[in-house]
Amino acid sequence: MPSPFRSRALAVVSSIPVGTVMSYGDVAAAAGAPRAARQVGYALADLAGHTDVPWHRVVRASGALALAESTTGALLQRARLEAEGVPWRGDRVDIGRCRHVAEPLKSP
DNA sequence: TCTGTGACCGCGG
DNA sequence: ACCGCGGCCACAG
């Protein structure tokens with residue numbers, strides 16, 4: 001079983017609408033731990049793909065992708081986001097136009 | 001208990 | 001706009 005913070009973070013990620021993104025910090029805040037952005041990355045890293053959680057909708061606060069450029073993961077993430085119609089500005093997401101604001105999770 | 005770690009954040013130069 | 005740096009904190013061993 002996932003740890004409590006982890007499952008909450010994943011629940012938040014699952015709630016991100018198609019065509020929008022959230023930053024790691026945003027997800028952490030919505031999950032109830034505003035400064036645990038790194039933990040969100042930790043949680044997503046453990047998924048390693050075998051899941052239906054839309055991990056590709058989580059990017060850095062700057063709009064840049066977290067994964068190193070040219071890795072298969074980064075390419076997949078970019079392809080999926082483009083397919084969803086997310087606006088780009090060079091090599092990063094135009095965070096100002098597709099950022100999703102989530103309300104905090106109700107039952108912690 | 002204590003320590004190291006990381007798909008981060010945001011400020012200052 | 002691009003670094004570098006210190007701070008963060010849940011989690012594993």
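Below, all heavy atoms of this structure are taken into account, side chains as well, without hydrogens, waters or symmetry copies. Letters A, B, ... mirror the listed sequences (proteins, then strands); counts begin at 1.
- Taking atom P in both B/dA7 and C/dG13, the straight-line distance is 16 Å, to the nearest Å.
- Within a 6.0 Å radius of CZ in A/Arg80, more than 12 heavy atoms belonging to other residues, nucleotides or ligands are found.
- Cation-pi geometry between A/Arg97 and A/Trp88 is not met: the NZ or CZ atom fails to fall both under 6.0 Å from the ring centre and inside 45° of the normal.
- A straight line from CG of A/Leu10 to P of C/dA10 spans 16 Å, rounded to a whole angstrom.
- No option in A/Leu67, A/Val93, A/Thr71, A/Thr72 other than A/Leu67 meets the side-chain contact (heavy atoms from CB on, under 4.5 Å) test with A/Gln77.
- Rounded to whole angstrom, the span from the CZ atom of A/Arg60 across to the P atom of B/dC11 amounts to 17 Å.
- Between A/Leu67 atom CG and B/dG6 atom P the separation is 14 Å, expressed in whole Å.
- A/Glu82 and A/Arg78 are joined by a salt bridge, as a carboxylate oxygen and a charged side-chain nitrogen come within less than 4.0 angstrom of each other.
- Across all strands shown, A/Ala45 has heavy atoms under 4.0 Å from base atoms, whether or not it also approaches the sugar-phosphate.
- Atom CD of A/Glu69 and atom P of B/dA7 are 17 Å apart (whole Å).
- For A/Trp55 and B/dC8, the CH2 to P distance is 13 Å, given to the nearest whole Å.
- Between the CZ atom of A/Arg57 and the P atom of B/dA7 there is a distance of 22 Å, given to the nearest Å.
- When the nearest nucleotides of DNA chain C are assigned to A/Tyr42 and A/Arg38 by heavy-atom distance, the more 5′-ward of the two goes with A/Arg38.
- Atom CD of A/Gln39 and atom P of C/dC11 are 7 Å apart (whole Å).
- Closest to the side chain of A/Ala36, from the set C/dC9, C/dA1, B/dC9, is C/dC9.
- Considering only side-chain atoms of A/Arg35, the nucleotide from C/dC9, B/dC9, C/dC11 that sits closest is C/dC9.
- Remark: P of B/dC8 and CE of A/Met22 are 16 Å apart, rounded to the nearest angstrom.
- A/Phe5 comes within contact range of the sugar-phosphate backbone alone, with a heavy-atom separation under 4.0 Å but no base atom that close.
- Which of B/dG10, C/dA10, C/dC2 sits closest to the side chain of A/Arg92 comes down to C/dC2.
- A sub-4.0 Å separation between OP1 or OP2 of C/dA10 and a side-chain N or O of A/Ser3 is absent.
- Interatomic distance, CZ of A/Arg57 versus CE of A/Met22, reported as 12.0 Å (0.5 Å rounding).
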